[in-house]
**Q** 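Here you go, one structure.
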2 protein chains.
Amino acid sequence: MKVLLVDDDPTLRQTLGIGLRAAGHEVLVTADGRSAIQAAHEDAPDVVVLDLGLPDLSGLDVLQRLRASSTIPVVVLSARAESTEKVQALNLGADDYVTKPFGMDELLARIRAVARRAGSDVPVIRAGDLVIDLPARRVARAGVVIRLTPTEWGLLDLLVRTPGRLVSQQDLLHQVWGPAYGRETHYLRVYVAALRKKLEHDPASPRHLITEPGMGYRFEP
Amino acid sequence: MKVLLVDDDPTLRQTLGIGLRAAGHEVLVTADGRSAIQAAHEDAPDVVVLDLGLPDLSGLDVLQRLRASSTIPVVVLSARAESTEKVQALNLGADDYVTKPFGMDELLARIRAVARRAGSDVPVIRAGDLVIDLPARRVARAGVVIRLTPTEWGLLDLLVRTPGRLVSQQDLLHQVWGPAYGRETHYLRVYVAALRKKLEHDPASPRHLITEPGMGYRFEP
DNA sequence: GCCGATCTTGACGAGTTCCTGACGCCGGGA
DNA sequence: TCCCGGCGTCAGGAACTCGTCAAGATCGGC
């Protein structure tokens, strides 16, 4: 597994690097946030191990920027056990949070757990000539990337996560628009229409985004 | 899996929510008992995680009301390890009881266990060449998907949930059309006929949707 | 503060679903 | 034999749902 290690402390960098390699991982190392973000994009690691408290950007900043453009699993290291920082980190999308001091065993276990979860999803769905990459938030039809608005994504995401299964109108409204919405089925009609226009060959007779009258919608692979 | 999280502590709500989402669950959150009960009905979660000690209703009350109308698995969280409360909760129908402080891993494991137990109930029913997938809202006969209207679904759903057992006309009317309906047995005749037409080989001599004259109907697998 | 993209809202036609009444069949009892 | 209650069937019209288009409101970036 390819691990990107981001830490400004040379000693720790070395220690962790050795431990990770000993466990059979391929290790990339950077010492600051800027190069970390760059490396995360260019080298496509499987996991990022991120130490908070870097020289140029705060670790939380790095995390935020990472999350803005990718869903690579991130394990955060920190010297503080404070709950606020921990919650902040998890809020920004960290997948796990490890407090120093920690044993190499623990870190390895967390990395394994986090990577397993990320891999076990259903990252890319193929349906006909559609390719839907949920983590990357990309859809392509016949190789051409299609732009979706945030709401369109919310809807498609929800439907695609349970292929072939009906999702009720209420569920869709609650999840995409919020718990206060439950009767505004009009929204669904408008946005399903928009999705069909972008994704279906013949929006008038859809093959993937199927209506179940009176009940909801389903995504058919 | 869809998890309904009921907790009045915002911090805990956030932390648990993140943990649950990280584990791949879809998370619905409510902060009080009233909305919890509502959400449990409207959103049909797979599991409810219920913290005792809510502002408006006691957690045990919520549990009781939930159980009055549904069999959704419930995992109870509590700060107390007292045996009496634990026994009370389990008596009221809680499926598991977790004492604070607990690890995310533990909670996830319990949720999984509880949902597995409940899920082994009636996910997909096979009867002859019929395949009825209740959660996905799909029926197929001899491999061909059959479209049902919402009312037809309501009826079939109810009958199929207790295979081989008689369901009275009143029960059917109450559950599908509402508590105000009880004498309109005509509806049943029309819709049972429609179901037979779609599901039975020979609608005139049904093998699955059986009439019990004067009593009700029965689904025979 | 402006401009473009996105989201909301309204109106209407087409199609489906639901309700309702009428009728026929069957078996049991008078 | 006739009557009667319960069930199955059919068909028409009312009511609802969905898809569509377009115009206004709102949001966000520059």
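Every chain is numbered from 1 and lettered A, B, ... according to where its sequence line falls, protein lines coming before strand lines. Note that the structure is predicted; figures quoted are calculated from it, not measured.
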**Q** Quick one: B:Tyr187 OH to D:dG8 P, roughly how many Å, whole number?
**A** 17 Å
**Q** Check this one for me: any side-chain N or O of B:Thr185 less than 4.0 Å away from OP1 or OP2 of D:dG6?
**A**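 Negative; the distance criterion is not met.
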**Q** Categorize A:Tyr181 for me: base, sugar-phosphate, or nothing, with a 4.0 angstrom heavy-atom threshold over every strand shown.
**A**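 The answer is nothing, as A:Tyr181 stays clear of every strand by at least 4.0 Å.
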**Q** So what does B:Gln169 hit on the nucleic acid, given a heavy-atom distance under 4.0 Å: a base, only sugar-phosphate, or nothing?
**A** sugar-phosphate
**Q** Does a side-chain N or O from A:Thr211 land closer than 4.0 Å to OP1 or OP2 of D:dG19, or not?
**A** yes
**Q** To the nearest Å, how far apart are A:Ile210 CD1 and D:dT17 C1'?
**A** 17 Å
**Q** Rounded to whole angstroms, how far apart are CZ on A:Arg189 and P on D:dC16?
**A**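 Checked: the CZ to P distance equals 13 Å.
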**Q** Using whole Å, what does the distance between atom P of nucleotide D:dC7 and atom CG of B:Leu173 come to?
**A** 11 Å
**Q** Looking only at the side chains, is there a donor atom on one of B:Arg196 and B:Ser205 sitting less than 3.5 Å from an acceptor on the other?
**A** no
**Q** Using the rule side-chain contact (heavy atoms from CB on, under 4.5 Å), only one of B:Val176, B:Leu195, B:Ile125 pairs with B:Leu156; which is it?
**A**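 The passing option is B:Leu195.
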**Q** Rounded to whole Å, how long is the line connecting atom NE2 of A:His186 with atom P of D:dC18?
**A**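 After rounding, the reported distance stands at 11 Å.
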**Q** Checking all strands, does B:Val192 fall into the base, sugar-phosphate, or nothing category for heavy-atom contacts under 4.0 angstrom?
**A**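 No contact.
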**Q** Relative to the ring of B:Tyr181, is the ring of B:Tyr187 parallel (under 30°), tilted (30 to 60°) or perpendicular (over 60°)?
**A** tilted
**Q** Starting at CZ of B:Arg196 and ending at C1' of D:dT9, how long is that distance when rounded to a whole Å?
**A** 12 Å
**Q** If only side-chain N and O atoms of B:Tyr191 are considered, is one of them under 4.0 Å from the OP1 or OP2 phosphate oxygen of D:dT9?
**A**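 B:Tyr191 to D:dT9 OP1/OP2: no side-chain N or O under 4.0 Å.
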**Q** Closest nucleotide of DNA chain C for B:Thr149 versus for A:Trp177: which of these residues is on the 5' side?
**A** A:Trp177
**Q** Does the A:Arg13 side chain pair with the main chain of A:Asp7, one donor and one acceptor, at a distance under 3.5 Å?
**A**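 Side chain of A:Arg13 to backbone of A:Asp7, a donor-acceptor pair under 3.5 Å: yes, one is there.
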**Q** Test B:Leu155 against every option in B:Leu173, B:Val192, B:Val167 by the side-chain contact (heavy atoms from CB on, under 4.5 Å) rule and name the one that passes.
**A** B:Val192
**Q** What is the first contacted nucleotide of DNA chain C and what is the last, in 5' to 3' order, if contact means an atom lying under 4.0 angstrom from a heavy atom of chain A?
**A**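 Both ends considered, the range comes out as C:dT6 to C:dA11.
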**Q** Between D:dT17 atom C1' and A:Leu188 atom CG, what is the distance in whole Å?
**A** 12 Å
**Q** Specify the separation, in whole Å, of atom CD of A:Gln170 and atom P of D:dT17.
**A**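 It works out to 13 Å between those atoms.
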**Q** Quick one, A:Tyr191 with A:Trp177, criterion ring-ring contact (aromatic ring centres under 6.0 Å, His included). Give me CA distance, side-chain angles, the key distance, then yes/no.
**A** CA-CA 12 Å; A:Tyr191 279 90; A:Trp177 278 268; 5.7 Å; yes
**Q** Between B:Glu152 and B:Lys198, does at least one N-O distance fall below 4.0 Å, as a salt bridge requires?
**A** yes
